[in-house]
Protein chains: 2
Amino acid sequence: MDMGILIDTFGYLLRRAWRDADRRFAHHFRTLDISAVQFSVLELIDRNPGCTPGDLVMPMGITQNNMVGIIADLVKRGFVTKKTDAHDRRARKLSLTDEGATMLSAAHAVHDLYLAEYAQRIGAGNLKDLVRLLRMFDRG
Amino acid sequence: MDMGILIDTFGYLLRRAWRDADRRFAHHFRTLDISAVQFSVLELIDRNPGCTPGDLVMPMGITQNNMVGIIADLVKRGFVTKKTDAHDRRARKLSLTDEGATMLSAAHAVHDLYLAEYAQRIGAGNLKDLVRLLRMFDRG
DNA sequence: TATTGTTATACTCTATAACTATA
DNA sequence: TATAGTTATAGAGTATAACAATA
């Protein structure tokens with residue numbers, strides 16, 4: 001099949017690559033039962049304890065209303081605590097529970113295997129180049 | 001905000017980059033009113049006249065049932081014709097109409113502007129490197 | 001029996017708008 | 001009046017299963 005301009009079109013290729021990465025992520029994380037978004041949120045809360053749902057909106061590229069459900073699920077599963085900020089009672093401060101820290105630790109281990117698979121498929125040097133290039137897509 | 005390992009995580013960065021690319025695509029194509037998937041399908045039909053919906057399944061990464069609606073919409077809008085194959089009456093042969101060819105031509109012009117915007121943001125050399133790397137993600 | 005296309009359906013992700021409680 | 005979070009809802013996108021027509 002003639003791919004026309006698609007073979008050189010980064011948008012088309014980005015979509016395919018993202019779907020491939022997401023699918024393989026889901027496969028690796030099927031026993032832990034967390035999505036790529038949930039993993040990223042746990043990582044951000046771990047590195048920024050006391051952050052609010054609003055703080056996660058920009059780095060995650062998820063709107064505030066949709067963040068509610070993601071946080072609620074992590075709280076329900078016992079990985080995250082959500083407490084009203086004493087100084088601004090509108091805000092909710094997020095932290096990992098011990099269970100959340102354990103889950104994140106396990107997730108890091110699985111993520112290393114996932115990365116190793118890609119390093120074998122794509123090459124570690126190529127992945128490093130890819131990360132450098134993708135960082136340029138930060139949007140306002 | 002501390003991004004933790006996410007700053008080096010290609011899956012996280014792929015998601016952000018894809019969403020950025022898709023959003024800007026939609027912005028550029030708002031007057032033509034076609035999505036990135038529709039553009040890709042038109043391109044494939046143009047380069048492979050007489051192809052079937054099934055032929056598009058693998059390159060597009062879309063399942064056959066969902067392809068039905070995409071094709072039906074393009075037919076409804078007068079860009080694509082769908083004819084039963086005389087030699088295999090199960091198959092439907094797809095081609096662009098004159099209107100479809102005109103639309104694709106206009107889409108190419110818009111796509112060039114879209115690419116020029118990214119070339120300015122990211123750099124033409126970086127985009128070329130990115131395309132080379134993303135091609136490695138072809139999946140079976 | 002197998003294949004092509006199709007319909008039905010459900011689940012996830014995302015987006016907009018309106019609401020609440022606080023400030 | 002503005003902000004943080006929340007609820008409701010609708011629209012894409014995607015997936016599985018079952019079906020019709022044809023091979």
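The figures that follow rest on heavy atoms only: side chains count, while hydrogens, waters and symmetry mates do not. Throughout, a chain's letter reflects where its sequence line sits, starting with A, and its residues are numbered from 1.
Distances shorter than 4.0 Å separate none of the side-chain N or O atoms of K93(B) from OP1 or OP2 on dG5(C). Remark: R89(A) is not in phosphate contact with dG5(D), judged by side-chain N or O atoms under 4.0 Å from OP1 or OP2. Dashed line: the shortest gap from a side-chain N or O of R19(B) to OP1 or OP2 of dT14(C) is under 4.0 Å. Residue R15(A) places at least one side-chain N or O closer than 4.0 Å to OP1 or OP2 of dT14(D). In terms of phosphate contacts, R23(B) brings a side-chain nitrogen or oxygen within less than 4.0 Å of OP1 or OP2 of dA15(C).
When rounded to the nearest whole Å, the span between CD1 of I71(B) and P of dT7(C) equals 13 Å. Rounded to whole Å, the distance from CZ on R92(A) to P on dA21(C) is 11 Å. We find that CG of D33(B) is positioned 14 Å from C1' of dA12(D), with the value rounded to whole Å. We find that CG of D55(A) is positioned 13 Å from C1' of dG5(D), with the value rounded to whole Å. Regarding M67(A), its CE atom lies at a distance of 10 Å from the P atom of dG5(D), rounded to whole Å. Atom CD in Q64(B) sits about 6 Å away from atom C1' in dT4(C), given to the nearest Å. Per the geometry, CG belonging to D88(A) stands 11 Å off C1' belonging to dG5(D), to the nearest Å. Taking atom CZ of residue R90(A) and atom P of nucleotide dT22(C), one finds them 10 Å apart after rounding to whole Å.
Side chain N66(A) to base dA15(C): a donor-acceptor pair is found below 3.5 Å.
If T63(A) and H87(A) are placed on DNA chain C by their nearest nucleotide, the residue sitting closer to the 5' end is T63(A). Projected onto DNA chain C by closest heavy-atom contact, K82(B) and I70(A) fall at different nucleotides, the more 5' of which corresponds to K82(B).
Side chain of N126(B) to main chain of I122(B): a donor-acceptor pair is present (N/O by atom type, distance under 3.5 Å, no hydrogens or angles).
Ring geometry for F10(B) versus Y118(A): interplanar angle over 60°, hence perpendicular rather than tilted (30 to 60°). Between Y114(A) and H28(A), the ring-plane angle classifies as perpendicular under the 30° and 60° cut-offs.
Residues Y12(B) and M3(B) form a side-chain contact, since some pair of their non-hydrogen atoms from C-beta on lies under 4.5 Å apart.
In this structure, the nucleotide among dA23(D), dG5(D), dT4(C) sitting nearest to the side chain of A91(B) is dT4(C).
Using a 4.0 Å heavy-atom criterion, one finds that S35(B) contacts no nucleic acid atom at all.
Comment: R92(B) does not engage D55(B) in a salt bridge, judged by the lack of any side-chain N to carboxylate O separation of less than 4.0 angstrom.
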